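Read the structure below first, then the notes.
Indexing begins at 1, ligand by ligand and atom by atom, following the structure's order. Predicted model only: the values in this text are computed from it and were never measured.
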Amino acid sequence: MRSLQLIADRKLELADVPAPPQPGDGEVQIRIKAVALNHLDLWGFRGMAFAKRKLPLVVGAEAAGEIVETSAGVTGFKPGDKVVMYGAMTCGHCAACREGRDNLCENVGGIMGFHIDGFARDLINLPARLVIPVPSGVSLRDAACAPVAFGTTEHMLFDNAKLKPGETILVHAGGSGIGSVAIKMAKALGCTIITTVGDDAKAEKAKALGADHVINYKTERFEGVTRKLTAKKGVDVVFEHVGGEGFNASLLCLKRGGRLVTCGSTAGPSVTINLMQLFQQQYKIFGSFGASIRNIRDSLSKIAAGMSPIIDSEFALADFEKGLARIESRQVFGKVIINF
Ligand SMILES: [Zn+2]
């Protein structure tokens, strides 16, 4: 079977490897049909000095497929069922796992496709507890965007920032995979949405998604425009995943007591924060990473109800690197899908 492996920084190889054995106790075997790309894949591809991992590594952190076979003890799945997979090897028995806070597992074995082997292969055996059924009517291409893009956004907006109907939110990079999902989720809640994009063509697309105001951050300072749009009050929530110099500008966009939730730092991981501003303005800053299995189920329900992901482009497995280049170029609007 095919297996796409990272063999060195920025070097992928499509290998022919033996198929996995029959699924063991509590496991199912899945045929992968679609992998969705995220910025995480780009970090992994470029190489990260602080990430503990061994090469070669099967890439792919977010995917959907079909059940091929189940082990004797597994109930709830049968061959042919469409499924998505949780993207981290959690333990299933620590307090966090038992309470459904999967992304806080105390014994997590790593992120699939980043620390440990991922989904860019024809077949995989996984514990059934990490497998989530796809509702009928949802394509595997769309379902592939649920575990990371939708799940992460769901966790950020609702578990962490606790976004409420009618609030105002600033969504950074509305054309990115998670940014486009955040616009859709906030719109469905009846929020007022301000978003940033890097060019005017993306501005039109962001408006079509439901953004009320779109700021081209290359030609305007987003913090100034945001304060003007909110009559100097600021927004309730900032959806952040860019970091770098924009982070402090994002804090300036918040109203007193506002919440900033972040899951990324594509523009740089270190910033200096004015603590007096932080406590006087009573800002709440949430770091968010990944999602719970419940978040992924909820995401799939939203997709089934019509909240489809925006698909930027689709590539064959052999062209995985072209998909990564698309994300790296920042021309992307929505999700990049790898088809099997
Ligand atoms: Zn655990």
- Note on the structure: Output field for angle at the Zn ion (ligand 1), Cys105.SG vs Cys91.SG, rounded to 10°, should show 110°
- Query: If every non-hydrogen atom of Arg227 is compared with every non-hydrogen atom of Gly234, which pair is closest and at what distance?
  - Reply: NH1-CA, 4.4 Å
- Item | Between His39 and Thr266: side-chain donor-acceptor atoms closer than 3.5 Å | no
- Query: With the Zn ion (ligand 1) at the apex, how many degrees lie between SG of Cys97 and SG of Cys94, rounded to 10 degrees?
  - Reply: 110°
- the Zn ion (ligand 1) contact by His93, N, O or S atom under 2.8 Å: no
- Task: Indicate, with yes or no, if the rings of Phe222 and His172 have centres closer together than 6.0 Å.
- Result: yes
- Message: Strictly distance-based, threshold 3.5 Å: is any side-chain N or O of Arg53 a donor or acceptor partner for the main-chain N or O of Gly44?
- Response: yes
